[in-house]
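The chains referred to below are lettered A, B, ... by the order of the sequence lines, with proteins before strands, and numbering in each begins at 1.
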There are 2 protein chains.
Amino acid sequence: MPRTPRSPAPQGPVTLAMVARRAGVSPQTVSNALNSPDLLRPETLERVRRAVDEMGYRPSRAAQALRTRSSKLIGYGIQPTPSGTAAPVMDRFLHALSQAADEAGYRILLFASPPGEPTLEGYEELLGQHEVDGFVLSGTARHDPRQAWLAKKGVPFVGFGRMWSGRQIGDWVDVDGASGTDAAVEHLAALGHRRIAFLGWPRGSGVGDDRAEGWQRAMRRHGLPTRGRRAQSVDDVDAARTAVKPLLDAGATAVVAASDMLALGCYHALRERGAVPGRDVAVVGFDDSPTASILSPALSTVAQPLEAVGRECVRLLLARMTDADAPPERVLLEPSLVVRDSTPGTDAGPDGPKAPTAPDAP
Amino acid sequence: MPRTPRSPAPQGPVTLAMVARRAGVSPQTVSNALNSPDLLRPETLERVRRAVDEMGYRPSRAAQALRTRSSKLIGYGIQPTPSGTAAPVMDRFLHALSQAADEAGYRILLFASPPGEPTLEGYEELLGQHEVDGFVLSGTARHDPRQAWLAKKGVPFVGFGRMWSGRQIGDWVDVDGASGTDAAVEHLAALGHRRIAFLGWPRGSGVGDDRAEGWQRAMRRHGLPTRGRRAQSVDDVDAARTAVKPLLDAGATAVVAASDMLALGCYHALRERGAVPGRDVAVVGFDDSPTASILSPALSTVAQPLEAVGRECVRLLLARMTDADAPPERVLLEPSLVVRDSTPGTDAGPDGPKAPTAPDAP
DNA sequence: TCTCAGCGTTAGATCGTTCCAAAAACACTA
DNA sequence: TAGTGTTTTTGGAACGATCTAACGCTGAGA
């Protein structure tokens, strides 16, 4: 293997000073060449640049961090399975976040958060050691102490998920759940459905109530009744299966669920009574979890724009780092409806949206 | 808001020198108190310790990194969805890894890896800037350049997943897939099954062949034929549904699949012919993806010990950092079979393992 | 008696970068 | 030519920790 015979045992990494010596300038000038190139005379800049890539110089992040008091790292506390909102798609979010951060010259630093209610432990430690410049929070809980604590300390942070209780603190990015379920109802109504039920989580969870709200307003807009068309269940398949029964008994021809998990419970309930999801009763889920696409029939669901969420999180966080006193910014992103086989459309027949033959009897 | 009137504007963070002044010792002694406490006289140690927590001192990671040339960070390139091996459980692995790292005083630094074949880009950048002390690799591909490249540079790394082609490079931790499918066969045989089929990925993937191997050897051990009992499909539900048909036609009473996705294809194929998974034909998946537990019937599957994998990854990596020339260490961990409703056991009746009535005809 | 290793601690240098202020180089005008 | 103002470049001092080589003293071994 032919290796370049130059640079005999470089003895450690290339430093700014070495580059400076080679380019015949002072270390400071090299630093300027990299950080404020417009300060240099073009020919000097060129000379320094050449030296930099001839020697393969890369600034040491540790030294930069020490000097500038900024690590260019963003902390993210990863929880095992919050079992709440968008847990099934957390890995996708993490990738999106990483990518957005990378593009801005930042990186994501993971730390393990214990299961259950979010605690301050990890945050405190990372901050004390000046390991990170800011945080991205997710899995915002009801009495989440993190936002207030970070705000009091003046630490930049951004939440994925708004604050549902108390007054708003800090910046956040969230997905408009109501808009998602609204779109689901629109879609179903366009297919001719009128008895559209909602299967949600127990009241009191911000995310769940938001999603219920979208269903409700869309129903009202279409002049459709909502009474007796709503049931609730914890995020568990069996519980959902049981909870949805009354809705089916009442003759619902379509069910909008607050999560894919609940939607799956709905599938089971339908099968139990010999009905076929999609054909007999339309079902729409929420989250576009990996499971949704592999079910049979594939589940129509509301997908969160995770890439956009990641981008916005990073954008807001950087803005907050730049100006700590800027007014808080809150971004609400539109989810998108992914139509699959559980809400069959017009391609089932040439005669337009077919009104499903409502099986009133179980 | 009542604030403590003490410490009037501490003006930046508490440093070693401040603690030293307060404790009436030199900075180095404070450093020793923290890093090699046994060097100090007990009373001095006590005095320094008191000063440390009175002032709430935390060493600056940036300064430590600069001086010790070690960032205490472990790099992990996160890919969107390698769609290969254990993709569905990557978030659990990440949490396990983070936790194990935290306990060892390290943290995980994420960087976004582009989809598809792993590239060296991100690794090169992190290394050049001395951002990380080592890497954890996952999603080892067939012609993966990363191991050889890192090894040549003398960078500590550990792979989650062994190397399937070429010669072994470096340390790795992996899960014994063969042992998992072997256990699945054992379990099925104990239930009375004899016509146990295998639905795997196309030959040539190391992970897939490994899982096939376990099935095969267990079958041989029981004197059961394997010819005509094996099919293959890419990791896609529909493809799997098609691929498994001949096996069912041939009268298989149980199917061991190389992934939960394939197992689900099997569910669909069974339903298509009016059979019920678990009751008519037993199915075992692999990976214990979130989907497995919520299917109906819930899918028996082989679970990877991700917490243990995370721990071992960190352990091997630290060992490698300590001694770069130690002989490579490879750890093969045992997966565990999670029995659910798709392989109903003896509780179906009091008369021991019941031989399923084999529905030879479709 | 003399040397020397060991005790717990310390002064001083060092890691690689950026900030600050001042020096040097340059371009004009008077 | 000197004077003025504007780039362009530089030396020196941090940033906050750890490493090395001692400090002055005691007691064991030659």
* Asked: What is the nucleic acid contact for B:Leu16, judged by heavy atoms within less than 4.0 Å: base, sugar-phosphate only, or nothing?
  -> base

When rounded to whole Å, the CG to P distance for the pair A:Leu34 and C:dG16 reads 16 Å

Nearest-nucleotide check on DNA chain C, B:Leu66 vs B:Thr29; residue mapping nearer the 5' end is B:Thr29

Item to complete: Select base, sugar-phosphate, or nothing to describe what B:Thr15 touches, counting heavy atoms under 4.0 Å on all strands.
Response: sugar-phosphate

Original post:
Under 4.0 Å: is that the gap between some side-chain N or O of A:Ser60 and OP1 or OP2 of C:dG16?
Top reply: no

Nucleotide by nucleotide, nucleotides 19-24 of chain C touches protein heavy atoms under 4.0 Å in the pattern (B base, S sugar-phosphate only, - none) BB----

| message | Are there over 12 heavy-atom neighbours, none belonging to B:Glu54, within less than 6.0 Å of that residue's CD? | response | yes

Using 30° and 60° as the class boundaries, would you call the ring planes of A:Phe160 and A:Phe93 parallel, tilted or perpendicular?
tilted

note: B:Arg58, atom CZ; D:dA17, atom C1'; distance rounded to Å ~ 16 Å

When rounded to whole Å, the CD to C1' distance for the pair A:Glu131 and D:dA17 reads 14 Å

Here the distance between atom P of C:dA11 and atom CZ of B:Arg21, to the nearest Å, is 13 Å

Taken to the nearest 0.5 Å, the spacing of A:Lys153 NZ from A:Glu124 CD works out to 5.5 Å

Angle separating the five-pair end axes of the helix from C:dT1-D:dA30 to C:dA30-D:dT1, nearest 10°, is 70°

A:Tyr57 atom OH is separated from C:dG16 atom C1', nearest whole Å, by 7 Å

Item to complete: Could you tell me whether B:Glu46 and B:Arg50 have a side-chain N and a carboxylate O separated by less than 4.0 Å?
Response: yes

Atom CG of B:Asn32 and atom P of D:dC19 are separated, to the nearest Å, by 9 Å

Backbone N or O of A:Leu318 within a donor-acceptor pair of the A:Thr322 side chain at under 3.5 Å? yes

Please confirm whether the shortest side-chain N or O distance from B:Ser31 to OP1 or OP2 of D:dA17 is below 4.0 Å. no

For atom CZ of A:Arg162, decide whether the heavy atoms of other residues, nucleotides or ligands shown that lie under 6.0 angstrom number more than 12.
-> yes

Whole-Å distance, A:Lys72 NZ to C:dG16 P, equals 21 Å

- Message: Determine whether a donor-acceptor pair (N or O, by modelled atom type, separation under 3.5 Å) exists between the side chain of A:Arg47 and the backbone of A:Pro42.
- Response: no

Open item on the list: Measuring to OP1 and OP2 of C:dT17, would you say a side-chain N or O of A:Arg61 lies under 4.0 angstrom away?
Closed with: no

From CG of B:Asp38 across to P of C:dC7 the rounded distance in Å is 11 Å

Would you please confirm or rule out a distance under 4.0 Å between OP1 or OP2 of C:dT9 and any side-chain N or O of B:Ser26? no

For D:dT18 and B:Gln64 - does any side-chain N or O of the residue sit under 4.0 Å from the phosphate oxygens OP1/OP2?
yes

Quick one about B:Asn35 and B:Ser31 (side-chain donor to acceptor, distance below 3.5 Å, no hydrogens or angles considered), yes or no?
yes

- Query: Would a distance-only check, ignoring hydrogens and angles, find a side-chain to backbone donor-acceptor pair under 3.5 Å from A:Asp133 to A:Ser70?
  - Reply: no

Applied to residues 96-113 of chain A, the side-chain hydrogen bond (donor to acceptor under 3.5 Å, both in side chains) test, sequence neighbours excluded, yields A:Arg107-B:Glu131

